[in-house]
Amino acid sequence: VNESNNRKEEAAMGASRSGGRRLRRRTATATVLVSAALAMAACGSSKPAAKSSSTSAAKAKTAVKIGFVVPTTGPFAEIGDDMVNGAKLAASQVNAKGGMEGHPIDIVVEDGKTSTTTTVADVRSLASSGVDLFGGFIIDSTCLAAVPVLKSLGAMGIGTSCQSNLVHTTDFYKRFFNISPTNFMLSEATAAFVKQHYPNVTTWKGAMPDYSFGHEVWNDFRSDLKKLQPSVSFDKGVFIPLTETRFGPYVTSILSGLPSDSTSSTGLFFSTFGSQTVGLVEAGKPVNMFGHFRVAINLGGSTPTAAALKTSTPKVWFVYDYDNLAYHNSVNTNFVKTFEAKYHGVPDAWSEEGYSVILAYQAAAAKAKSVTPAALAKALPGLSFETPKGPLEFRPEDYVPITPVTAWEVDADPSSSQGFKVLKAYAIPAKEILPPVTKH
Amino acid sequence: VSVVLTGISGGMLVFLIASGLTLIFGVMKVVNFAHGGYFVLGSYFVYQLLGGQVRPAPLFVLAAIGAGVIAVAFGVATERVVFRRLYTLPPVVSLLGTYAVLLVLIGVAEAIWGLRPLTQPKPSGLASSVVVAGARVPTYDFAVVGFGLLTLVALEWLARRSRFGRVVRAVSEDRTMAALLGVNVNAVFAITFAIGIFFAGLGGALAAPTVSLVPDLAETFIIEAFAVVIVGGLGSIVGSLVASLALGLLTSLLVTYAPSYAAFSLYFLMAAVLVVRPQGLFGDRSGLEAL
């Protein structure tokens, strides 16, 4: 290869010798033209100049690193990627306005997979390189593993999808927050939604991922709905291991023992997400799994699942953190517009979570006039700041995020370029679904 | 009925990958972790060939065979570059070497198709279900079972009835003596490896409509395939089939009737068989010694 390259270089040099003078003249002319164009651009437009000066201001102080520990490989890598995209977009916008108290934000990503041991190792590794502010953590077990390590390091974290109720109760740490609604809130919102929209469904079946999130939301959903509709009954819950790739047996189990009038009396509650839901839907398609139920509600599901399923998307309600159509405010409009411009796609819940984590840090820094973990964690509780979902506040007593839950219905649409469409989208207000306060 | 048929179908998919694995181990005595990588490539190849669209069943079958053939091309390349250097090395080195190849293949899939889950719909004509003894069973499951049985017949014929099979058995029993008698051992290894990889690629292609395609698909299947190869008896194709079906049935039964134990089905099966027969259902001690 080197020999070949050398020959190419020699040939190029030969050519340049023959017309070297002409080439130098052209280069000089081009340099003058480019310089002139740059000078004119700088003089003719005040906006780029302002942006440039604010960026310079952001770079005047050392960068503040925010470590994002999310899966960037494995079945849930798309979730991690989306969160990082949202965070990077927010960081670029904050940096353009001068950074966090003058410090530009530098997002540092580590692949935590969905493993507790990898997550802990990543947190330690980032901390050893000077990172003391963290974001990310996509499943409850990784959050719960990360919290004690952050505590031992005195670091601060704002989780993206750390919905476990335990983060606000037994595993509470005064420097750890979570941006998305808790499992309690998601379940409570789902139960309230069911009571309002599907009061005639008398029996519910469940299919959940086999880890704390799946168990928590199934238990919470049952107890919440039972309180609202005492006559409702629940069939067995089917728990699917996170590593499962073949869903045929689970479809059989979900459909076993259905009553003959299941299309009018029975609902399917499932809380799988990402590739698990895709696999479950594909395995259920030949036996028309979703057609056996009056309604299917996917707690924790999100639009990327429909994007992967395209025209295989069943008619289903997602109940989770965010859909862009449910919120009408300037922050959301700007978020969606800039995200689409940068990544050529509509932002999903995970991107919004990553984005809002950075907004939270920014708001805390503005109040604290500092970027140390201690000052930020002290400033954040009770502080209301704007997000694409509207104002968000961490409840001072237990840091429960006071933020709405979103319900949106999707269905296949062969005429759409995506293969599916969003039929309706609602925001379920936070005040109706908050858990009791836990004092620490 | 649906529980049993779902279990058999799931078991057959595992058998398709395990058959190639046990063939390669039986002849070459290489524990090939990279096998899962060819399985994943096969599933992505069929997706690529069909564009992720619903296609008629004959076209799907052709694409699945094509996916197996393309996987063989990858397999032959890695056999020449990597595996050939592992044949004479201690098992632990070959194990690490093949695992490294697995990681590279997963990386290749990730680089080409990305990390987002992709789907390959079932072919038209096999996308619905039929009622068997009152239970609704996907027609695609029958196709998978049919392919599994064809694989069994083809491999058994190849191993026991064909001239190549006799040569393979000779190399498997004593490669030095076979070489002294004029057998081109390297060529036998290469052909055996290619056949094994073909079934991995074909298995991946047939599994594609039943799973969401992500690069890490390799890991789940390869672990199950290894388990059934060990339970069935190292190097025994019939043993792999029996163990695959047993695993599929046990998983399906536990998922339906005792869901909290379903995640342990693999370990239940291994413990139940290996305590009684450490060499596996149809294996002999030579496999264990080779390992």
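Every chain is numbered from 1, with letters handed out A, B, ... down the list of sequences.
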Leading residue by heavy atom contact count with chain A [cutoff under 4.5 Å; candidates D216(B), V255(B), L5(B)]: V255(B)
Which atoms of F221(B) are under 4.5 Å from chain A, going by heavy atoms: the side chain, the backbone, both sets, or neither? side chain
Do other residues, nucleotides or ligands put more than 12 heavy atoms under 6.0 Å from K236(A) NZ? yes
For the residue pair S128(B) and P286(A), what are the closest heavy atoms and their distance? O-CB, 3.4 Å
Which bit of E224(B) is near chain A, if near means a heavy-atom gap under 4.5 Å: side chain, backbone, both or neither? side chain
So S212(B) and E282(A), do their side chains get closer than 4.5 Å, heavy atoms only? no
The residue among L13(B), T251(B), L217(B) that forms side chain to side chain contact (heavy atoms under 4.5 Å, CB included) with R246(A) is L13(B)
Turns out that what part of N288(A) lies under 4.5 Å from chain B's heavy atoms comes down to neither
So, the part of S256(A) with a heavy atom under 4.5 Å from chain B: the answer is side chain
Write down the atom of P249(A), the atom of T256(B), and the distance for their closest heavy-atom approach. O-OG1, 4.3 Å
Heavy-atom nearest pair, K310(A) first then T119(B), reads NZ-OG1, 4.4 Å
As an exercise, state the distance from CG of L309(A) to CG of L118(B), rounded to the nearest 0.5 Å. 11.0 Å
So with a 6.0 Å cut-off around OH of Y99(B), is the heavy-atom count from everything else above 12? no
Which heavy-atom pair separates T72(A) from E110(B) by the least distance, and what is that distance? O-OE2, 4.5 Å
Side chain, backbone, both or neither of V14(B) within contact of chain A (heavy atoms, under 4.5 Å): side chain
Does NZ belonging to K421(A) count more than 12 external heavy atoms closer than 6.0 Å? no
What part of T311(A) lies closer than 4.5 angstrom to a heavy atom of chain B: side chain, backbone, both or neither? neither
